[in-house]
Amino acid sequence: MRILETGPDPSDIYRPEQQITGDPEKKSGFRNFESGDLIERVYNTYKLMHTNQTLKFVKQKHAEWSNCSHAHMTVMESLDCLDQLVDQSDPDVDFPNSFHAYQTAEGIRKVHPDKGWFQLVGLIHDIGKIMALWGQPQWSVVGDTYPVGCKFQNSIVFRDTSFNDNTDDKDPRYNTQNGIYKPNCGLENVLMSWGHDGKETNYNTLLYRMSKSFFSCFKIPEYMYRVMTFNNCSIPEEGLYMIRYHSFYPWHTHKEYMHLCNEKDLKMLPWVQEFNQFDLYTKSTDLPDVEKIKPYYQSLIDKYCPGKLFW
C-alpha cells in the first residue's frame with residue numbers, strides 16, 4: 001500500500017480546538033463519561049465490553065468475521081443501514097450513526113477540499129458498526145478500543161470499575177506492561193479489542209514468540225480494515241490507519257501503549273490525531289441534508305471503493 005508524503009506534521013495544519021476555543025464550554029462537553037442524560041446507557045455498554053472482551057473472545061471474533069462472507073452490497077447501501085443504529089457507547093449524541101458519518105466527512109471537506117480520500121475516510125470510518133445489525137451485541141462493536149493480551153492502561157474509559165470481572169485482568173500472562181508482546185513490536189502485531197474499526201495482525205510475526213497451539217499461522221484482521229483490503233479499495237495507508245485506530249483513544253489522545261509502537265506507528269500517529277479532531281468535534285444536533293450531499297460522496301465511493309463489496 002502506498003504511503004503519502006506527510007510533509008509537516010498534519011496536526012499542525014488543522015486544530016479544531018482552535019476554532020472553538022471561543023466557546024470552551026462546548027469543547028469540554030465532548031466525551032463526558034462522568035455525567036449526562038446518556039451516562040447510564042454508556043456505562044452499561046462499556047461494562048459489558050470490558051467484562052467480556054478477553055484475548056480468547058477477540059480470537060473467536062477474528063475467526064468468525066475474517067472471510068467477509070456476511071453480505072454483498074455497495075458502500076452507500078451499507079452506510080444507509082446505519083440509519084437504523086444509535087451508538088450506545090457515545091455520550092455525545094443520540095441520533096443514527098449515518099448522520100455522524102456525513103458530519104465527519106463534511107468537516108474534513110471544508111478544511112481539506114483537495115483530499116477526496118480523506119473525506120471518504122470520514123464517511124466510512126464507522127460503517128463497521130453494521131455488525132450490530134447482524135446479530136452482534138453493541139458492546140462487541142462500538143466504543144473505544146484498546147489492546148488485549150497486556151495490561152489494561154488507566155486511560156481506558158471506566159478503567160477503575162468496569163474490568164473487575166475480566167479474567168485477563170487477573171491473569172499473570174496478560175496483566176503485565178508488555179503481556180504477550182515484545183517492546184516496539186508495532187501495532188500491526190498487537191491484538192485490539194474487537195470492534196468496528198480495523199487492523200490486520202500478522203501472526204507469522206507473532207509466532208516467533210508464541211506456541212503454534214496458541215495461534216494458527218495466518219493473518220487475521222479486525223473488521224473494517226479487512227473489508228477495505230479484501231475488496232482492494234485504493235484508500236492510501238494514511239486513511240487505513242485512521243480507520244484502524246480512530247477509536248484507540250488511549251494511544252492517540254492519552255499517549256499510552258507507546259512502548260508497543262514502532263517507527264511506522266509514530267509516523268502515522270499525526271494523521272490519526274488529525275482525523276480525530278473531525279470525528280469528535282463535528283458532532284452536532286444540526287444534522288446535514290444527506291440527500292443533497294450524497295451524490296458528491298457517491299463520486300468518491302466510485303473512485304476508491306466502486307461496486308458491490310464483500311462484507
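- Using a 4.0 Å cut-off between charged nitrogen and carboxylate oxygen, D168 and R173 do not count as a salt-bridge pair.
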F118/E274 under side chain to side chain contact (heavy atoms under 4.5 Å, CB included): CA gap, chis, key distance, verdict: CA-CA 10 Å; F118 194 178; E274 173 75 351; 3.9 Å; yes

Stepwise salt bridge (charged side-chain N to carboxylate O under 4.0 Å, His left out) test for E188 and R244: CA-CA 10 Å; E188 66 181 352; R244 286 169 157 179; 5.4 Å; no

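- A 4.5 Å side-chain heavy-atom check between H125 and D279 finds at least one atom pair inside the cut-off.
- Here the CE-OG distance, from M224 to S78, works out to 6.5 Å after rounding to the nearest 0.5 Å.
- Looking at residues two or more places apart in sequence or on another chain, you find a ring pair (Phe, Tyr, Trp, His ring centres under 6.0 Å) between F158 and F33, Y43, Y46.
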Check against side-chain hydrogen bond (donor to acceptor under 3.5 Å, both in side chains), Y249 and N276: CA-CA 9 Å; Y249 274 84; N276 175 250; 2.8 Å; yes

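- For the residue pair I293 and P288, the shortest heavy atom distance occurs at CD1-CB, 4.3 Å.
- Contact record, C68 with R226: SG-CG, 3.7 Å, taken as the closest heavy-atom pair.
- With a 4.5 Å cut-off on side-chain heavy atoms, W65 and Q136 count as touching.
- Here D90 pairs with K283 in a salt bridge; the nearest charged N to carboxylate O distance falls below 4.0 Å.
- Neither side chain, T229 nor N232, offers a donor N or O lying under 3.5 Å from an acceptor on the other.
- Between L48 and P137, every side-chain heavy-atom pair lies at or beyond the 4.5 Å cut-off.
- A donor-acceptor distance shorter than 3.5 angstrom exists from the side chain of R159 to the backbone of F152, with no hydrogens or angles considered.
- Of all heavy-atom pairs spanning Q177 and Q153, the tightest one is OE1-NE2, 3.1 Å.
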Residue pair K151, D169: steps toward the salt bridge (charged side-chain N to carboxylate O under 4.0 Å, His left out) verdict: CA-CA 7 Å; K151 180 181 178 181; D169 197 32; over 6 Å; no

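- In this structure, A132 and Q138 approach most closely via the heavy-atom pair CB-CG, 4.2 Å.
- A pairwise comparison of heavy atoms in F278 and G107 identifies CE2-O, 3.3 Å as the closest pair.
- Proximity of the aromatic rings of F57 and W139 is defined here by a centroid distance below 6.0 angstrom, and this criterion is met.
- With a 4.5 Å cut-off on side-chain heavy atoms, M76 and I301 count as touching.
- Less than 6.0 angstrom separates the ring centroid of W251 from the ring centroid of Y245.
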CA sep, side-chain torsions, deciding dist, call: D87, S89, side-chain hydrogen bond (donor to acceptor under 3.5 Å, both in side chains): CA-CA 5 Å; D87 187 335; S89 72; 2.6 Å; yes

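- Looking at M49 and S140, their side chains never come closer than 4.5 Å, going by heavy atoms from C-beta outward.
- Looking at K170, its side chain does come within 3.5 Å of a backbone N or O of N164 through a donor-acceptor pair.
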side-chain hydrogen bond (donor to acceptor under 3.5 Å, both in side chains) between H50 and S162, worked out: CA-CA 6 Å; H50 295 165; S162 60; 2.6 Å; yes

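- When hydrophobic clusters are built by joining Ile, Leu, Val, Met, Phe, Trp and Tyr residues whose side-chain heavy atoms come closer than 4.5 Å, directly or via intermediates, M258 is grouped together with F248.
- Residues in residues 72-83 take part in these salt bridge (charged side-chain N to carboxylate O under 4.0 Å, His left out) pairs, two or more places apart or across chains: D80-K294.
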Criterion side chain to side chain contact (heavy atoms under 4.5 Å, CB included) on T74 and C305, from CA distance to verdict: CA-CA 8 Å; T74 67; C305 305; over 6 Å; no

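- Of all non-hydrogen atoms in Y304 and G116, the two that sit nearest each other are CE1-C, 4.1 Å.
- Side-chain atoms of L300 and L123, non-hydrogen and from C-beta on, never get closer than 4.5 Å to each other.
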Derivation of the ring pair (Phe, Tyr, Trp, His ring centres under 6.0 Å) call for Y281 and F30: CA-CA 8 Å; Y281 295 122; F30 289 99; 5.3 Å; yes

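- Counting only heavy atoms from C-beta outward, the side chains of K47 and D165 approach each other to under 4.5 Å.
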Derivation of the side-chain hydrogen bond (donor to acceptor under 3.5 Å, both in side chains) call for S155 and E256: CA-CA 8 Å; S155 63; E256 291 192 319; 2.5 Å; yes

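- Counting heavy atoms from C-beta on, the side chains of L120 and K115 never come closer than 4.5 Å.
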Y146 vs F163, ring pair (Phe, Tyr, Trp, His ring centres under 6.0 Å): CA-CA, chis, key distance, verdict: CA-CA 13 Å; Y146 51 89; F163 283 91; 5.8 Å; yes

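- The hydrophobic cluster analysis finds V86 isolated: no Ile, Leu, Val, Met, Phe, Trp or Tyr side chain comes under 4.5 Å of it, directly or through other members.
- Here the CD1 atom belonging to I235 is positioned 3.5 Å from the CD1 atom belonging to I124, to the nearest 0.5 angstrom.
- Taking 4.0 Å as the cut-off between side-chain N and carboxylate O, D92 and R31 do not count as a salt-bridged pair.
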